[in-house]
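Within every chain, numbering begins at 1; the chains are lettered A, B, ... in the order of the sequence lines, protein sequences first and strands thereafter. Everything numeric in this text was worked out from a predicted model, so none of it was measured.
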Amino acid sequence: MSTTLAAPQPLLALDGISLSFKGVKAITNISFAVNEGEICALIGPNGAGKSSLLNVINGVYKPDEGSIRYQDAVRRAMHPQWAARRGVARTFQNIALFKGMSVLDNVLTGTNLKVKSSWLEQVFNVGRAPADALAQRQKAERVIAFLKLQPWRNSIVGSLPYGLQKRVELARALAAEPQLLLLDEPMAGMNADEKAEMSRFIRETNREFGTTIVLIEHDIGVVMTLSDHVVVLDYGKKIGDGTPDEVRANPEVITAYLGTKH
Amino acid sequence: ANEQYFPLQSYRIGPYAAGGSGFFGGFIDYLQYINAKEGGVNGVKLTWSECETEYVVEKGVECYERLKKGLNGAPAAATNPLSVGIAYATLERSTTDKLPLITINHGRTDSTDGSVFPYAFPLQLNPYSEVSAIVNYIAQQSGGLDKLKGKKIVTLYHGSPYGKETSPILELLAKKYGFELTLLEVPHPGNEQQSQWLTIRRIKPDWVILRGWGVMNPVALKTAQKTGFPADHIIGNIWSNSEDDAAPAGNAAKGFISITTHPSGTSFPVLQGIDKYVIKAGKGNLQDPKRFGNVYYNLGVVNGILNVEAVRVAQAKFGKRPLTGEEVRWGFENLKLDDARLKELGALGLVQPLKLSCADHEGGGAVRFQQWDGSKWKVISDWVQADRQLLRPIIEKSSHEYAKEKGITPRDCSKEVVAAN
Amino acid sequence: MSFFFEVLTGGLLAGVMYSLVAIGFVLIYKASGVFNFAQGSMVLFAALTFVSLVERGVPFWGAFVLTLLTMAVLAWLIEWLVLRPLVNRSPITLFMATLGLSYIVEGLAQAVWGAQVHALEIGINDEPYEVFGILLSQFDLFAAAIAGGLVALLGVLFNKTRIGIALRAVADDQLAALAVGIHLQRLWLIVWAVAGFVGLVAGMLWGARVGVQFSLSLIVLKALPVLIIGGFTSIEGAIVGGLIVGASEKLAEVFIGPLIGGGIENWFPYVLAMLFLLVRPYGLFGDKAIERV
Amino acid sequence: MLYKEAGQFITEYRLDKRFFRLKQERWAFAALLAFAYLVVPAIGNDYWFSAILIPVLVLSLAGLGLNLLTGYAGQLSLGSAAFMAVGAFATYNFHLRIEGLPLIASLILGGLTAGGVGLVFGLPSLRIKGFYLIVATLAAQFFVQWVFTTFSWFSNNSSSGVITAPPLQILGTDLSTPAGRYLLTLTVVVALGWLAKTIVSGELGRKWMAVRDMDTAAAVIGISVPKTKLLAFAISSFYLGIAGALWAFTYLGTVEPHGFDLSRSFQILFIIIIGGMGSILGNFLGAAFIVLFPILLSQISTSLLAGAIDPGQLENFQKMIFGALIIFFLIKEPNGLAKVWQTAKQRLRVWPLRF
Amino acid sequence: MTQAQLNTIPVQALTAVEPFLQLDNVEVIYEKVIFAIKHISLEVKPQSIVALLGANGAGKSTILKAISGLAPAQRGEIVQGRIVYAGKDVTKATPGQLVAQGLVQVLEGRHCFGHLTVEENLLTGAFIRRPSSKGLAQDLEKVYAFFPRLKLLRKNYAGYTSGGEQQMVAIGRALMANPKLILLDEPSMGLAPQIVEEIFEIVHQLQQTQGLSFLLAEQNATVALRYANHAYVLESGHITQEGDAQTIANSQALSDSYLGSR
Ligand SMILES: Nc1ncnc2c1ncn2[C@@H]1O[C@H](COP(=O)(O)OP(=O)(O)OP(=O)(O)O)[C@@H](O)[C@H]1O
Ligand SMILES: Nc1ncnc2c1ncn2[C@@H]1O[C@H](COP(=O)(O)OP(=O)(O)OP(=O)(O)O)[C@@H](O)[C@H]1O
Ligand SMILES: [Mg+2]
Ligand SMILES: [Mg+2]
């Protein structure tokens, strides 16, 4: 496991993040760090602030307080595009695919940051544009093959079943070759089999490309086997932070989230 | 077939339907009347077919292209679109196709100069003549042209090229006669005029010239009432002069004055004839018989008379057979209607005396004034003539510019053959 | 100065006339998320039907009731033939359908009643009052009172009744509304019929003002900026927007117009509305679009 | 079997991107072009050129312009006609005021001017979304029309505000005959149509669609939403500008500001609804439909009913039928004629099997 | 049958009688071209919980939407077959009619009314019954008892609540209709494990005490089968297996094709 590596450098560190909506505190003073190359899981009851936190990390929400360190830059708040340029990619809880486009096109959009040609070159398909297009296409095809999406390559994503859409979303994020990948409930609405397959994809991504992953998931089984590091939220506060085993043993976590049944 | 054909680019629906259905109703009824009474022109039967343009330029072009070839072998005599836009779009085409383009009371002012525009005929009254005549009328009312000095006149015009077309002439006249002119624009379609009339109220002008179009007219009258401006000091131009412009304003229109080239009413013998031969025979074109004899209808009748007379003149030269457009054009250029002829036609007082020539495609330039009494128009003046001498050089300047731009060599009108009378 | 106030009051009152048309829009938008471009044609249709009936000798109230019934039938047809088959489609699709609808209604109105221009007298004399040297139009005051009454009535309907909640639910998510058993069809019928009623009132007032004729359908173009400034979902917004648009466009025409060429009333409200939106992208009182990721 | 892909495997990504993936399609397209360039000019008459072919081509181009913006980039616009007007008047003025500028250059400059104006009116889209955005495009619609009516400089001080076409000469050949105007229009439309296809199947097109489908997600994956939207406005307006210039110069020969009023914008919107949003082919089908349908209807009724119905009444019916057809399309085939065509092709491909 | 009558009939008597809901050879086609389900015959006995299992895209949601009359709203069409509910043919019934007769669906993907507050969302569920304000308040309290978190959020716009909270709103809203048969589409999706258990407890409780029936499409087969009486397994639009929940749970076929190796 990557945690055993010597003194890994934190890729991302949140420091004292708070966020409220119209006076209602969604996140209160949360700090934690995610090391380079690890899989970090965010868990917690519904409405605990997990998705909000993810939104803070890639700049969709601006925190009221605190700061975020990503790579070597410390910022008050992130900006979605700034984050994307520096290798942050993500998926969403309520699938945010481009519904009218094919799977392939969706994945291709993921590669947009690697394009070097200007829009004029693209319009006339001259200069660097053809080479770009080829490179994009190769990258996208690799991701599609990796996630076994070939049969649906040309289907319009809007009409695909939920589970596949989740996978396409992952593909789009992977196509950006991210350094930090944020996954919001990537396995919701999947059966055990599909979950296992998804877990495998996630782990392989982590191993093969060294991608750091922050994921939100409600399936404790998945979380425990997949992650190196678990952060537990409850009512916007951090109530646990550690290895899966540590967290599982934490009594506060048990009452707040896991329930006695587990 | 021994027939002469009239392609009709008519419009009977849409925002300007009232004008179209009246005009084309009158035109068609006159053609029917000639067929019924005289069996056509010297035995050549008149035929026509309609194509709805909705006052839309492209539809007009499509109709033009569709109908220009004639019908069942009957050659087309002339096109009468009654729409400035369509007229412009078919101007060059009709020259190429050698088909007269009749734009009665409207159209391109400089097409009055037939040496540059051989096929366009802004019959009776072009826009410049129109304002000149109105100013002359105001002078009459004030006791002479010299009394115009210091008078305040506001022109309220439709926010379109049509509305603005006469502004330079008005400015010219204002300078010449020393009246104070204010030009106020009403944006299309003109169903809100509060601000314009409040401005008018502040200026307190002696006269308001209403250069309106469609709904703008009744709204102007209503808003005038709302702001306390008397209707009998508003003078409507040629497109503000129909029943449909005054009646919807109800009470507010009472006293409203407008110009006309063709008084409304059914007392003219020619209208009596139409009534007898066409309407009573159940062939009348109007859906609403109440509109018989109204301003638009009578304009259609006048247009019918002018077209038919042009054919008649041309037949006298080329023979009593269906004529080509080129031949009919000769007829128009040599058209001459004096009081005697108008009397024969039963149109004395309905049509002004008219004489066209190669150089002058307008021919008339006179208007009468009428006043709305709350339910119908009453003619209140005799023919008032425009100052055509003053306007001619302006027109020629414009037409020659056009000729230069298009690379047209103007005809030498002194060399044209004239009718044998 | 009194001229300024004269223009201002004139503008405010004219603005209320715009609001009347805008209210019909808001009603339908709020209730079904449909941006109803056909509202103008409905105004035309209602006014034309009413005036034609009156011209054929039907007494005023008889014609009013008959027209109202006609509008209800129209609403029913629209619900049955247009909205029902298009349930749960994207807002833009429905918007386009209403464009088609406006063609049908305009064609129908002219096919049935002809294209003539009609005068409509509803018995309000429009001799102006003069108060402190400022002209006040009787007619416009009357229209403003009617608009006020309508707003109060509709405000109650939307905010105080269960129908109000149901309507907003439908506007949000038609599929879910269906799933909880809301009778979309019945609701739409009601709303469109009410919009028809509002259209009739607007049509009568506008008809009396400018005559009943084809270009009545063009007043939607005056109502749009009103709607946008006020927010699509707010009845009060329609009134406030109307006042803003009316006053500012008249002032602009009178005081700015002469400087830059006049006739600016057509675009001025739009540019104004655009500037408003840059500050408040959902109008003054409109609901924000909710987007959570 | 006519329509079969048997044996035509795509072996390279480059080939996969080709517009027509099947040999038959490529052949059919080549044949169509040959027909349009060689046969039509020989057999067409004035009516066909002036009343049908040229307007269909010009409207297709305008539809294409709007489709890029609305169908691909998802920004609803009711101001297409304004950009057409800018294109027409700008081309006219470039030609008029710059001595010796070739016609094609004025045309392109006119298009670029329209693109620039489109860009300006696209700016509000950075903040305003959904139906609220139509306020910006309507502002363009009314403002542009006002400018051209108010300032007669744009129409070279012609008293009527109408501009007329300059002589249509390209490389010394006179193209002012109907056939010549047709060929000029066809060439421009084919070239720009091809370009549009390149754009939408490339990176830019994908970005547009991404912004259309969900702009938050697009921003999150690094697409610059403002730039993408503005490019859509500019390029779309460029197309519309060229279409406007062609409308004025190769189709009508003259135009006044009123010719580009709101109803023109609606007409173009209808073209893309009927033809199909987010489709290139659809614009052509939609334009053909919108030009031919009324003509057909009035021809049929004049020949069949022989004047039994009053032409005005007929037009009313036509209006109603037209409105009904739009609704019918939205209900039955929301993706327009292009989709109908595609389905037919698919059926043909698997024929005689059922799905 | 009214609610009162239902409650008085002993469970055993009911299970022996006619099925409460019956599908007979139903076939649904989307957009006139996409066959989603074929030859589906299934039944739900009174006062029972029936689970529909199957991979992504197997057609579970489609079956539910066909029953509840929502398929046409998604351009789907029942081209063949018959659906009988409470003794009546409801193949062509509108959703409104069905809800009035006590058949409610909870949609997949939550579908809350974003611009309504949480409480207003719940209220919409009850409109069809036209309850008195007092009755309404009582029903609300009942739902709040099931989902205490919703009470905290009652004045918030539903559109801003978290994924799991929205799921609670959707289920609570359906309960407000006082239904007899609830179609639950993936109730566990996006919910924390504790809540999942709670929801199934609620389902169980409603079945036992109020005599409600449930047809649920669920990916989380383990939990679903624990509570269900009967189950159907779907594979690409066909029913491949059916039986007693216990049997299915133990069946080798299911664990191979569906549950995976775990
Ligand atoms: N944009 C917003 N406006 C208002 N409130 C918000 C907004 N986003 C989140 N919230 C509130 O913040 C709280 C945390 O929401 P968040 O979506 O982060 O929860 P979560 O942990 O992801 O829950 P779940 O597991 O259910 O998805 C919720 O109570 C929610 O209502
Ligand atoms: N509105 C629609 N239009 C077209 N096809 C659809 C539509 N809804 C579903 N389908 C298709 O019907 C099939 C069945 O879909 P359905 O949603 O019923 O599956 P499901 O079993 O509920 O899957 P999941 O577990 O992902 O929710 C799928 O192939 C899907 O692509
Ligand atoms: Mg969440
Ligand atoms: Mg499903």
Side-chain angles (χ1 to χ4, degrees), chain C residues 29 35 37-38 81-82 85-86 89-112 114-115 218 221 224-225 227-229 231-232 260-279 281-283 286 289 291 293, chain D residues 70 74 76 78-79 82 121 123-124 126-147 149-151 214-217 220 262 266 269-270 272-274 277 310 312-332 334:
Chain C
Y29 189 86
F35 187 91
F37 207 84
L81 296 173
V82 182
L86 285 175
R89 297 285 189 82
S90 75
I92 199 157
T93 306
L94 283 157
F95 164 67
M96 291 178 180
T98 65
L99 285 178
L101 192 62
S102 71
Y103 269 55
I104 299 182
V105 174
E106 276 166 25
L108 184 70
Q110 292 190 76
V112 177
L218 296 181
L221 296 178
L224 271 179
L227 203 62
I228 281 167
I229 289 180
F232 288 150
I260 56 171
I264 64 177
E265 267 171 289
N266 269 2
W267 57 263
F268 185 80
Y270 283 93
V271 173
L272 183 77
M274 208 159 85
L275 296 178
F276 250 92
L277 287 195
L278 291 181
V279 184
Y282 298 98
E291 211 171 60
V293 291
Chain D
T70 303
L76 182 60
L78 294 181
F121 281 100
L123 284 172
L126 305 188
R127 216 168 134 63
I128 309 172
K129 286 183 191 171
F131 285 120
Y132 285 98
L133 188 58
I134 65 173
V135 76
T137 54
L138 280 173
Q141 176 69 52
F142 293 119
F143 182 74
V144 164
Q145 232 180 307
W146 175 81
V147 166
T149 11
T150 305
F151 303 104
M214 187 149 198
D215 53 2
T216 347
V220 166
L262 189 60
F266 278 128
L269 185 62
F270 288 146
I272 70 169
I273 302 177
I274 292 176
M277 299 252 242
D310 168 83
Q313 201 60 293
L314 181 75
E315 196 74 16
N316 285 328
F317 289 141
Q318 186 177 316
K319 216 169 174 171
M320 288 159 71
I321 295 178
F322 188 71
L325 262 175
I326 287 184
I327 295 175
F328 176 82
F329 261 108
L330 290 171
I331 294 174
K332 289 292 172 202

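With a 4.5 Å cut-off on non-hydrogen atoms, D:Phe270 touches chain C through its side chain but not through its backbone. The parts of D:Ile331 that come within reach of chain C are both its backbone and its side chain, each placing non-hydrogen atoms under 4.5 angstrom from that chain. Heavy atoms of C:Phe268 lying under 4.5 Å from chain D are absent altogether. For D:Leu126, no part lies under 4.5 angstrom from a heavy atom of chain C. Contact of C:Phe37 with chain D is made through the side chain alone, with heavy-atom distances under 4.5 Å. Looking at C:Val279, only its backbone comes within 4.5 Å of chain D, counting heavy atoms on both sides. For C:Leu221, the part sitting under 4.5 Å from any heavy atom of chain D is the side chain, from C-beta outward, and nothing else. In this structure, the portion of D:Leu78 lying under 4.5 Å from any heavy atom of chain C is its side chain and not its backbone. Neither the backbone nor the side chain of D:Ile321 comes within less than 4.5 Å of any heavy atom of chain C. Contact of C:Ile260 with chain D is made through backbone and side chain together, with heavy-atom distances under 4.5 Å. Contacts between C:Pro91 and chain D at a heavy-atom distance below 4.5 Å involve backbone atoms as well as side-chain atoms. For D:Phe266, the part lying near chain C is the side chain, with the backbone staying farther off; criterion is any non-hydrogen pair under 4.5 Å. With a 4.5 angstrom heavy-atom cutoff, D:Ile134 touches chain C only via side-chain atoms.
Relative ring orientation between C:Phe232 and D:Phe131 is described as perpendicular, the plane-to-plane angle rising above 60° on a 0-90° scale split at 30° and 60°.
How far NZ of D:Lys319 is from OG of C:Ser102: 8.0 Å, rounded to the nearest 0.5 Å. Rounding to the nearest 0.5 angstrom, the gap separating the CG atom in C:Leu108 from the CE atom in D:Met320 is 4.5 Å.
Shown here for D:Tyr132 and C:Ile228, the closest heavy-atom pair between the two residues is CE2-O, 3.9 Å. Counting all heavy atoms, side chain and backbone alike, D:Phe317 lies closest to C:Ala111 at CE2-CB, 4.4 Å. Contact between C:Met274 and D:Ala136 at its shortest, heavy atoms only, is SD-CA, 3.5 Å. Nearest heavy-atom pair across D:Val135 and C:Ala273 is CG2-CB, 3.6 Å.
D:Arg127 is not listed as a side-chain neighbour of C:Leu277, based on a closest heavy-atom distance of 4.5 Å or more. Under the 4.5 Å side-chain criterion, counting only non-hydrogen atoms from C-beta, D:Pro334 is in contact with C:Arg89. Here the side chains of D:Leu76 and C:Phe95 are in contact, with some heavy-atom distance below 4.5 Å.
Annotation: maximal heavy-atom pairing with chain D below 4.5 Å, among C:Leu101, C:Leu81, C:Leu99, occurs at C:Leu99. Across D:Phe328, D:Phe322, D:Phe142, the residue that shares the most heavy-atom pairs under 4.5 angstrom with chain C is D:Phe142. Put simply, of C:Gly107, C:Ser90, C:Gly283, C:Gly261, the one with the most heavy-atom pairs under 4.5 Å next to chain D is C:Gly107. For the set D:Ile326, D:Thr150, D:Leu330, the count of heavy-atom pairs under 4.5 angstrom toward chain C peaks at D:Leu330.
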**Request:** Decide side chain to side chain contact (heavy atoms under 4.5 Å, CB included) for D:Ile327 and C:Ile104; before the verdict, give the C-alpha distance in whole Å, the side-chain angles of both, and the deciding distance to 0.1 Å.
**Result:** CA-CA 10 Å; D:Ile327 295 175; C:Ile104 299 182; 4.0 Å; yes

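Close placement of the C:Trp267 and D:Phe143 rings is indicated, their centers lying within 6.0 Å of each other.
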